[in-house]
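Heads up: numbering here begins at 1 and tracks the sequence.
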Amino acid sequence: MTARPKLAVWKFASCDGCQLTLLNCEDELVPLAGAVEIAYFPEATRAVVEGPYDVSLVEGSITTPDDVERIHQVRAVSRRLVTIGACATSGGIQALRNFADVAEFRSVVYAHPEYLSTLERSTPIAAHVTVDFELRGCPVDKHQLLELLAAELTGRRPRIPTYSVCVECKRRGSVCVMVASGTPCLGPVTQAGCGALCPAFSRGCYGCFGPQDTPNTRSEADRLRALGMDEDEVLRVFRTFNAGAEPFRQESRRHEAPHREPPRQQEEVAT
């Protein structure tokens with residue numbers, strides 16, 4: 001009999017939400033456990049089977065010197081390495097440190113900052129090792145995660161969309177919240193995957209799945225300003241779960257005080 005593929009799940013700096021998404025698959029998890037050998041998954045079991053591993057799922061960003069060393073070890077024992085969630089694919093909410101003075105944070109928050117070993121930046125896994133596939137989301141979508149695992153086990157490419165949330169809104173028949181009610185929404189520049197959950201409940205998209213494949217963030221920012229957002233609000237809306245994703249990072253930088261356009265030019269662009 002052919003040995004079952006070995007699956008490993010690793011955690012770096014994160015909230016564990018993406019690992020919990022896998023555990024919450026419930027009915028689907030039983031046949032999955034029969035199809036693969038869950039060799040390493042501390043969130044689910046204390047059992048540890050030595051590598052190498054056929055598929056490694058990695059949650060979390062790199063934030064400490066130890067993380068840098070450990071992710072190279074994970075890559076060395078993994079035939080396929082897949083990052084799951086905003087932390088692993090863009091640095092996560094902790095990437096907000098990338099825009100600030102980490103030394104100042106340490107001195108204010110910790111009584112003995114000299115005991116703390118951390119990096120100045122929170123970076124995605126792909127900034128350190130080769131990644132075979134990235135699965136977006138904060139947290140990842142259950143159905144996309146199962147599609148990813150099925151694809152990895154059968155040797156095909158996962159069918160994961162890269163178009164915007166707007167496509168999902170149209171498919172479920174949701175009225176555009178920006179057009180109908182003037183609600184600021186990041187749907188036009190955010191990758192699909194959530195099923196357009198927030199717009200379906202008359203709320204703007206928060207960008208949980210990061211930038212879509214061809215995001216026009218400048219035009220999006222102009223539209224947000226036209227809907228009443230000021231520069232600080234536009235900056236903050238691009239600095240959430242995927243603040244470290246390059247298109248969102250660049251757009252947020254454009255709205256920092258030293259880089260802002262003159263008010264007259266903003267009005268001309270908005271109209």
Side-chain angles (χ1 to χ4, degrees), residues 9-21 42-43 56-76 81 83-131 134 136-140 184 186 189-190 204 206-211 217 221 224-225 229-261:
V9 184
W10 309 86
K11 170 185 166 59
F12 288 80
S14 63
C15 72
D16 288 28
C18 293
Q19 294 181 74
L20 290 175
T21 298
E43 190 86 8
S56 277
L57 302 181
V58 180
E59 177 194 67
S61 65
I62 303 300
T63 61
T64 70
D66 288 342
D67 286 346
V68 176
E69 181 179 351
R70 191 160 66 94
I71 191 57
H72 283 280
Q73 295 172 351
V74 171
R75 177 70 267 189
L81 190 150
T83 52
I84 57 173
C87 294
T89 59
S90 72
I93 197 74
Q94 54 270 32
L96 291 175
R97 73 167 67 180
N98 302 353
F99 304 94
D101 186 346
V102 175
E104 181 182 0
F105 285 167
R106 284 199 299 260
S107 66
V108 172
V109 175
Y110 297 94
H112 293 282
E114 66 272 17
Y115 298 150
L116 184 67
S117 177
T118 189
L119 300 173
E120 295 298 313
R121 294 172 57 82
S122 172
T123 48
I125 302 300
H128 302 272
V129 298
T130 300
V131 170
E134 294 185 336
R136 307 273 196 85
C138 186
V140 291
L186 286 183
V189 295
T190 299
Y206 291 94
C208 303
F209 278 67
T217 56
L224 294 176
R225 286 199 298 253
M229 278 191 169
D230 61 29
E231 290 288 344
D232 288 333
E233 290 173 321
V234 174
L235 182 151
R236 287 195 296 271
V237 81
F238 282 104
R239 287 188 184 174
T240 57
F241 316 97
N242 290 278
E246 195 58 21
F248 286 5
R249 186 195 69 80
Q250 289 184 8
E251 188 59 41
S252 72
R253 282 290 193 193
R254 198 166 68 87
H255 298 276
E256 291 179 337
H259 308 295
R260 292 176 183 173
E261 301 167 345

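- Counting heavy atoms from C-beta on, the side chains of Arg225 and His255 come closer than 4.5 Å.
- The shortest distance between side-chain heavy atoms of Cys18 and Leu20 does not fall below 4.5 Å.
- Judged purely by atom type and a 3.5 angstrom limit, Glu59 uses its side chain to pair as donor or acceptor with the backbone of Gln19.
- Checked by atom type, the side-chain pair Gln94/Ser61 shows a donor-acceptor distance below 3.5 Å.
- Rounded to the nearest 0.5 Å, atoms CD (Glu134) and CD1 (Ile84) are 12.0 Å apart.
- Taking the side chain as every heavy atom from C-beta outward, Ile125 and Leu81 approach each other to under 4.5 Å.
- For the pair Arg254 and Gln250, the minimum side-chain heavy-atom distance is 4.5 Å or more.
- Ile62 places a side-chain heavy atom less than 4.5 Å from the side chain of Phe12.
- For Ala245 against Ser90, the heavy-atom pair with the smallest separation is N-CB, 3.7 Å.
- Nearest heavy-atom pair, Leu224 versus Pro184, reported as atom, atom and distance to 0.1 Å: CD2-CB, 3.7 Å.
- Under a 3.5 Å cut-off, the side chain of Asn242 and the backbone N or O of Pro211 do not form any donor-acceptor pair.
- Residues Glu43 and Asp16 have side chains in contact (heavy-atom distance under 4.5 Å, counting atoms from C-beta outward).
- The backbone N or O of Gly91 sits less than 3.5 Å from a side-chain atom of Ser122, completing a donor-acceptor pair.
- When every heavy atom of Ala88 is checked against every heavy atom of Thr83, the shortest pair comes out as CB-CB, 3.7 Å.
- Nearest heavy atom pair, residue Arg249 against residue Ser252, reads O-OG, 2.9 Å.
- No donor-acceptor contact under 3.5 angstrom links the side chains of Arg97 and Thr63, judged on distance only.
- Partner of Phe248 under the ring pair (Phe, Tyr, Trp, His ring centres under 6.0 Å) criterion, chosen from Phe238, Phe241, Phe99: Phe238.
- Between the Glu233 side chain and the Asp230 main chain, a donor and an acceptor come within less than 3.5 Å of each other.
- Residue pairs meeting the salt bridge (Lys or Arg N to Asp or Glu O under 4.0 Å) criterion with at least one partner in residues 61-71, sequence neighbours excluded, are absent.
- Every pair passing salt bridge (Lys or Arg N to Asp or Glu O under 4.0 Å) that includes a residue from residues 100-112 is listed here, sequence neighbours excluded: Arg106-Glu120.
- In this structure, Thr21 contributes its side chain and Gly17 its backbone to a donor-acceptor pair below 3.5 Å.
- For Thr240 against Arg236, the heavy-atom pair with the smallest separation is CG2-O, 3.6 Å.
- Proximity of a side-chain donor or acceptor of Arg136 to a complementary backbone N or O of Ala86 within less than 3.5 Å is not detected.
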Val68 and Leu119: CA distance, side-chain angles, deciding distance, side-chain contact (heavy atoms from CB on, under 4.5 Å) verdict: CA-CA 10 Å; Val68 176; Leu119 300 173; 4.0 Å; yes
Residue pair Arg239, Glu256: steps toward the salt bridge (charged side-chain N to carboxylate O under 4.0 Å, His left out) verdict: CA-CA 12 Å; Arg239 287 188 184 174; Glu256 291 179 337; 2.6 Å; yes
